[in-house]
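Structure first, commentary second.
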Amino acid sequence: MKFFSKKSRFLLLLSIFTLIVYTVFLFWFGNITGNPGLFAWHPEFNAIFIVLICLVVLPVLSLVFLLFAAAKARCVKGAKIFAWIADLLCVLVALGFVGYCVICGHYVPSNPARLNNPLNLENPPSLTHIAVSSDPHWHADEANAEARSEIISRVGRSDYDAFFCLGDISDFGSTAGCYEDPVKELNAGLKDMPVLGVLGNHDALINGRWAFQDYFNGNPKADLNYTFTSGKVHFIVLNLLWGDEEFTPKEREWLVKQLSAIPKDETCVVMSHCFYVSSGYYEPETDRIWYDNPSMMANLCPIFEEYGVDLVLSGHNHLMEVLEKNGVTYAIIGAMGGKPDPIEVVSPYSKWLQPSTFGWMDITFEDGLIFMEFMDQSGKSLLTYTVSAR
């Protein structure tokens, strides 16, 4: 039959190959760090993914048309033309997205800025006195650059052992050179103070985790879930950007293993970008609640409670807050310059709440106690709070 020429057989194989490759691309794209949460929390981005999924129909139809033409010897030319167009479109779309993600995610300028002193996770210094803040959102139009700079300056003039920033350092993590200004300003303000940067959802946008890890941890492939210990204080960092969308059974097993190994009489601090319990607001555009996260409370909080976590630090919401739930203390410090979030709902677990104020948290570890002090951008003390290791 005329249809089964070499060219026609090639088209059949190409359509099958395109379908396989495009399906793999969709799986990869949907699971890039940060994307599961992005698609879950923002319908406008979810719509893009739905359109990409719908394109699967094109190679499927090309196969159907080619097989129909082979069986009936009808519309042979039209089937071949459709197959070429459908397969080419899917390949171009896949290559375009992959290329964009790779180029943006691996962007490294010719003379990149580097932190003067990234925190050495394998052999950390004494961390008895640290400063913590989150969500500076460099380059965001609505971020308060003056407050951010003042916080950095005051932290840098204090005697802290290290500064921790819990994410959203950039407003859009894959923008070329987005970490140049943050690194330069941190270097100038903090001098040789060790710095720990935790990946945030804005940092991860469009595969931005590679550039973030390169700038702040010196290795694009650095783990996003990790632990480090200073004396009798154990720190665990979890890759929770929007919620628990990327908290897999494997990561759950890893977390339980880490917590199980910590002696009961020693201090355990868990850090992540996303909050677990928090006051906040309802966002009608996405039909999402930005307060007490039900899935985080169901899947993470019981683990913290069972294994005696003492303090959980996070950002994501742009406010300062202390909360307590079933013996675990939670502190939110998303106050490094990002636009303050409105407060429409106060969490039933809230013990203290300070919205619309920029600042950082001063933490001292001493003899099984955690002394927390919330500071505003001018260095004024807002609250002192003590947590006892259980």
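For the residue pair E266 and H234, the shortest heavy atom distance occurs at OE1-NE2, 2.5 Å. Between P340 and S356, the shortest heavy-atom distance links the atoms CB-CA, 3.7 Å. In terms of heavy atoms, I169 sits closest to D203 at N-OD1, 3.1 Å. When all heavy atoms of T286 and E283 are compared, the pair lying nearest together is OG1-OE1, 2.7 Å. For S378 against E150, the heavy-atom pair with the smallest separation is CA-OE2, 3.6 Å. Here the closest heavy-atom approach between residue L323 and residue V277 is recorded as CD1-O, 3.6 Å.
Between the side chains of H316 and D135, no donor N or O sits under 3.5 Å from an acceptor N or O. Checked by atom type, the side-chain pair N117/D192 shows no donor-acceptor distance below 3.5 Å. Residues S350 and E321 bring a donor and an acceptor atom of their side chains to less than 3.5 Å of each other. For the residue pair N35 and T33, no side-chain donor N or O sits within less than 3.5 Å of a side-chain acceptor on the partner. With hydrogens and angles left out, the side-chain atoms of T357 and Q354 include a donor and acceptor closer than 3.5 Å. Side-chain contact annotation: T128 with E366, donor-acceptor N/O pair under 3.5 Å absent. Side-chain contact check for D171 and H139: no donor-acceptor pair (N or O, by modelled atom type) lies under 3.5 Å. With 3.5 Å as the limit, one finds a donor-acceptor pair spanning the side chains of D87 and S15.
Taking the six-membered ring where tryptophan is involved, the planes of W360 and Y160 are perpendicular, since the angle between them exceeds 60° and thus also 30°. Taking the six-membered ring for Trp and thresholds of 30 and 60 degrees, F228 and F164 have ring planes more than 60 degrees apart, a perpendicular arrangement.
Of the inter-residue distances, the one linking T227 atom OG1 with M271 atom CE reads 10.5 Å to the nearest 0.5 angstrom. T18 OG1 to L63 CG: the interatomic distance, rounded to the nearest 0.5 Å, is 8.5 Å. Atoms OG and CG, from S62 and L88 in turn, are 12.0 Å apart once rounded to the nearest 0.5 Å. Between the CG atom in L190 and the OG atom in S153 there is a gap of 9.5 Å [rounded to 0.5 Å]. One finds the SG atom of C178 at 10.0 Å from the CG atom of L205 (value rounded to the nearest 0.5 Å).
Look at K339 and E142 and you find a salt bridge, because one of the NZ, NE, NH1 or NH2 atoms lies within 4.0 Å of a carboxylate O, short of that distance.
Without hydrogens or angle criteria, E246 side chain to G34 main chain gives a donor-acceptor distance under 3.5 Å. Without hydrogens or angle criteria, Q258 side chain to L255 main chain gives no donor-acceptor distance under 3.5 Å. With hydrogens and angles ignored, the 3.5 Å screen pairs no side-chain donor or acceptor of N217 with any backbone N or O of N219.
Here the two rings, on Y291 and Y281, have centers that are 6.0 Å apart or farther. With ring centers used as reference points, F371 lies 6.0 Å or more from F365. Outside the 6.0 Å centre-distance limit, the rings of H273 and W242 are not counted as a close aromatic pair. Taking the ring centroids of F45 and F39, they lie at or beyond the 6.0 Å cut-off. Between Y179 and W138, the gap from one ring centroid to the other reaches at least 6.0 Å.
Clustering ILVMFWY residues whenever any of their side-chain heavy atoms sit less than 4.5 angstrom apart, transitively, puts L19 in the very cluster that holds W84.
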Walk me through whether M372 and L311 qualify under side-chain contact (heavy atoms from CB on, under 4.5 Å).
CA-CA 10 Å; M372 301 189 299; L311 176 63; 3.8 Å; yes
ring-ring contact (aromatic ring centres under 6.0 Å, His included) between Y330 and F275: does it pass, once the steps are laid out?
CA-CA 9 Å; Y330 298 81; F275 60 83; over 10 Å; no
